[in-house]
Amino acid sequence: MNANRVSAKLITPLSVICGILIWYAVSKIPSVGAIITDPIRIAKTLFTEAKAGSLWTNISASMLRVLGGFALGLVVAIPVAFVMGWYQNIRAVIEPWIQFFRTIPPIALIPLVIVSQGIGESAKIAVIFIATFLVMVISIFQGVRNVDPTLIKAARVLGANDRHIFFEVVVPASFPYILVGVRLGLASAWTTLVAAEMTGANKGLGNMVMEASLYFRMDLVIMGIFVIGVIGLAMDKGVLYLERRLTGWQELRQS
């Protein structure tokens, strides 16, 4: 087991190094190099943008939008998911609508958002909220539905009422699913960022990528994509760390 863990820790950095080398080799192909900028130039662009301060401005703007839409989505998704999972009649009313809107790409809702919210920050947060809410509510709802019925029956035998069963059995058993929903919600927030910043943004990573593409600044485009990916990955790893720390009472799973 220890040998496997050591080998896994070695494989990951080797995979990253190999990926960068392949990236560099592909960028030197004449027909591809005009689009796929080599990593050395990307690093120089990253340093230049960071030194000028524009990169930090774009990162902070995007972070506020992502975290704002995500937080609002989580606050709404948790009670809706638990109510759906606990009350069958309410689930029958709400679930079809959630499943319906879940199939609609958030970018398709941008015209409606612009008309209703304008092109301010609220419009961008609204687009991210819709995307994250729909992802998280389904994940958390599945957690409530998958609670072991034996636990509920045992609690009833011991004299617990519905309120105690809900808060002391269902909620703790669903907590890992909440954290999974958080991870999926954060990923959805970042993937929706570019669409959200199409609502008239003048700063942000998504806006930077779109403006750079208009001037064929592919180094800036790829650098922006890289930064979004790194921040999203770091946030995902942070939630995964919390999941391991907070759900240690459950059976450990392989990450």
Side-chain angles (χ1 to χ4, degrees), residues 65-117 122-193 195-196 199 235-236 239-240 242-243 246-247 249-251 253:
R65 292 161 186 161
V66 166
L67 294 178
F70 164 77
L72 186 59
L74 181 61
V75 168
V76 177
I78 290 177
V80 171
F82 275 103
V83 168
M84 285 174 55
W86 195 245
Y87 299 104
Q88 186 173 358
N89 291 336
I90 296 178
R91 178 169 70 250
V93 174
I94 299 177
E95 186 178 13
W97 292 104
I98 290 178
Q99 296 292 353
F100 171 75
F101 283 105
R102 193 169 65 90
T103 62
I104 301 175
I107 193 172
L109 301 176
I110 286 179
L112 294 176
V113 173
I114 292 177
V115 171
S116 62
Q117 301 287 330
S122 62
K124 301 162 187 58
I125 292 176
V127 174
I128 296 175
F129 159 73
I130 293 170
T132 56
F133 165 76
L134 294 173
V135 169
M136 289 189 289
V137 73
I138 294 297
S139 176
I140 300 171
F141 165 69
Q142 290 300 325
V144 178
R145 294 290 295 164
N146 289 336
V147 174
D148 190 350
T150 304
L151 297 176
I152 297 177
K153 292 177 181 178
R156 290 195 186 279
V157 169
L158 294 173
N161 56 31
D162 285 348
R163 179 176 175 275
H164 289 142
I165 291 173
F166 183 78
F167 286 104
E168 297 180 19
V169 177
V170 176
V171 172
S174 304
F175 189 68
Y177 290 86
I178 295 176
L179 293 177
V180 170
V182 167
R183 293 181 65 192
L184 295 175
L186 282 172
S188 180
W190 281 107
T191 55
T192 313
L193 176 65
T199 59
M235 294 177 74
D236 180 77
V239 176
L240 184 58
L242 289 177
E243 181 181 356
L246 298 176
T247 59
W249 51 272
Q250 287 197 330
E251 182 180 356
R253 63 176 178 80

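No experiment lies behind these values; they were computed from the predicted model shown. Heavy atoms only: backbone and side chains are in, while hydrogens, waters and symmetry mates are out.
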**OP:** Give, for atom CG of Leu186 and atom CZ of Phe70, the distance between the pair rounded to the nearest 0.5 Å.
**Re:** 4.0 Å

Original post:
Can you check whether Met136 reaches Ile78 side chain to side chain, under 4.5 Å on heavy atoms?
Top reply: no

**OP:** Return each pair, listed once, that meets side chain to side chain donor-acceptor pair (under 3.5 Å) where at least one residue sits in residues 133-142; pairs must be two or more places apart or across chains.
**Re:** none

Original post:
If you look at every heavy atom in Thr132 and Gly69, which pair is closest and at what distance?
Top reply: OG1-O, 3.4 Å

Subject >> Closest non-hydrogen atom pair, Ala189 against Ile128 >> reply: CB-CG2, 3.7 Å

Original post:
Minimum heavy-atom separation for Val76 to Val80, with atom names?
Top reply: O-CG2, 3.2 Å

**OP:** Please round to the nearest 0.5 Å and tell me the distance separating atom CG of Leu134 and atom CZ of Phe129.
**Re:** 8.0 Å

**OP:** For Leu179 and Val239, work out which heavy atoms get closest and say how close.
**Re:** O-CG1, 3.9 Å

Subject >> Shortest non-hydrogen contact between Thr191 and Ser188, atoms and distance >> reply: OG1-O, 2.9 Å

Original post:
Who passes ring pair (Phe, Tyr, Trp, His ring centres under 6.0 Å) against Tyr177, sequence neighbours left out?
Top reply: none

Subject >> Rounded distance (nearest 0.5 Å) linking atom CD1 of Ile98 with atom CZ of Phe133 >> reply: 4.5 Å

Original post:
When rounded to the nearest 0.5 angstrom, what distance separates CG in Leu74 from CG in Leu67?
Top reply: 11.5 Å

Original post:
How many angstroms lie between CZ in Arg65 and CH2 in Trp190, if you round to the nearest 0.5 Å?
Top reply: 10.5 Å

